[in-house]
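Down below is the structure, laid out as structure tokens.
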Amino acid sequence: NSIQWIAHYMEVLKHYSDKDSISVEFGLNQANSTWALLASKATQIHSVDIDVHKNPIKHLQVDKNIWAIHAQEGKQYQIHECSSLDIQFKSIDFLFIDSLHTADHLKAELDKHSSIVQNYIAIHDTQLFKKSYGTTIEDFLNEGIWEVEREFIDDSGLLILKRADK
């Protein structure tokens, strides 16, 4: 059950999504992080996952779920069934990455999307997949554009990055 890996970070995700108007998440799994973003003050929320049809998000019946209806009031919410590498956004304020946990994929996501992220990037499972990520995050930070805002090293791990110039 994936809730055990993210439940204790829900308020953190909501907090960073609250600060901005456009929040994007890469990776849905059981849509746990989606609820944190929907509960935030963000006015546009996008969920991107290559396997939406395999995930419970299709069965949430957002139009019939009272919590989802409340969370969506005044928001634009869209699910994109594609790879995070096959979609392009004009601008993102808060990006949450919890997709394919490999160094190559994370590097490709950061290379493609970090330049349009205005404020924060959150990367989930940084402890759980520390070996898989290798030096990808360190190399990205060494470019000097992003810096660590907060780091949670408990359980699965969560890293919050902010633009160094803000």
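No close placement of the H105 and F26 rings is indicated, their centers lying 6.0 Å or farther apart.
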Give the C-alpha distance, both sets of side-chain angles, the deciding distance and a yes or no for side chain to side chain donor-acceptor pair (under 3.5 Å) between S47 and Y77.
CA-CA 8 Å; S47 297; Y77 176 63; 2.9 Å; yes
Check the pair S99, D49 against side-chain contact (heavy atoms from CB on, under 4.5 Å), reporting the backbone distance first and the verdict last.
CA-CA 8 Å; S99 55; D49 197 295; over 6 Å; no
Before you tell me yes or no, could you show the steps for H15 and E11 under side-chain contact (heavy atoms from CB on, under 4.5 Å), namely the whole-Å CA-CA distance, both residues' side-chain angles and the distance that decides it to 0.1 Å?
CA-CA 6 Å; H15 170 77; E11 280 299 319; over 6 Å; no
List the steps and the verdict of side-chain contact (heavy atoms from CB on, under 4.5 Å) for K107 and D104.
CA-CA 5 Å; K107 181 180 182 336; D104 289 343; 5.8 Å; no
Just do the side-chain contact (heavy atoms from CB on, under 4.5 Å) check on D98 and Y9 with the steps written out, would you?
CA-CA 12 Å; D98 190 13; Y9 299 134; over 6 Å; no
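Rounded to the nearest 0.5 Å, atoms CD (Q76) and OG (S21) are 10.0 Å apart. Here the CD1 atom belonging to I116 is positioned 11.0 Å from the NZ atom belonging to K90, to the nearest 0.5 angstrom. Residue I79 holds its CD1 atom at 9.0 Å from CD of E25, rounded to the nearest 0.5 Å. We find the CD1-CG distance between I97 and L161 to be 8.5 Å, quoted to the nearest 0.5 Å. The distance from the OG atom of S33 to the CG atom of L38 is 9.5 Å, given to the nearest 0.5 Å. Note that CD1 of I121 is 12.5 Å distant from CZ of F96, once rounded to the nearest 0.5 Å.
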Extract all donor-acceptor atom pairs below 3.5 Å that involve side chains of residues 140-153 and protein atoms in other chains or at least two apart in sequence.
from, atom 1, to, atom 2, distance (Å)
N142, ND2, E138, O, 3.3
E149, OE2, Y16, OH, 3.1

Show me, pair by pair, the donor-acceptor contacts under 3.5 angstrom made by side chains of residues 126-137, not counting sequence neighbours?
from, atom 1, to, atom 2, distance (Å)
T126, OG1, L158, N, 3.4
T135, OG1, D139, OD2, 3.0
T136, OG1, Y133, O, 2.8

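A donor-acceptor distance shorter than 3.5 angstrom exists from the side chain of H113 to the backbone of S84, with no hydrogens or angles considered. Of the possible polar contacts, one joining the D93 side chain to the I22 backbone as a donor-acceptor pair under 3.5 Å is found.
Between S114 and R163, the closest heavy-atom pair is O-NH2, 3.1 Å. The shortest non-hydrogen separation linking S40 to D18 is CA-OD1, 3.1 Å. Across all non-hydrogen atoms, the minimal contact from H80 to H46 is NE2-ND1, 2.8 Å. Contact record, L37 with L13: CD2-O, 4.3 Å, taken as the closest heavy-atom pair.
At a threshold of 4.5 Å between non-hydrogen side-chain atoms, the residues L106 and H101 do not count as touching. Side-chain contact between W35 and M10: present, with at least one pair of heavy atoms (C-beta onward) separated by less than 4.5 Å. N119 has its side chain out of reach of K19: every pair of non-hydrogen atoms, C-beta onward, lies at least 4.5 Å apart.
Note: the hydrophobic cluster containing L100 does not contain I50 (ILVMFWY, side chain heavy atoms under 4.5 Å, direct or indirect links).
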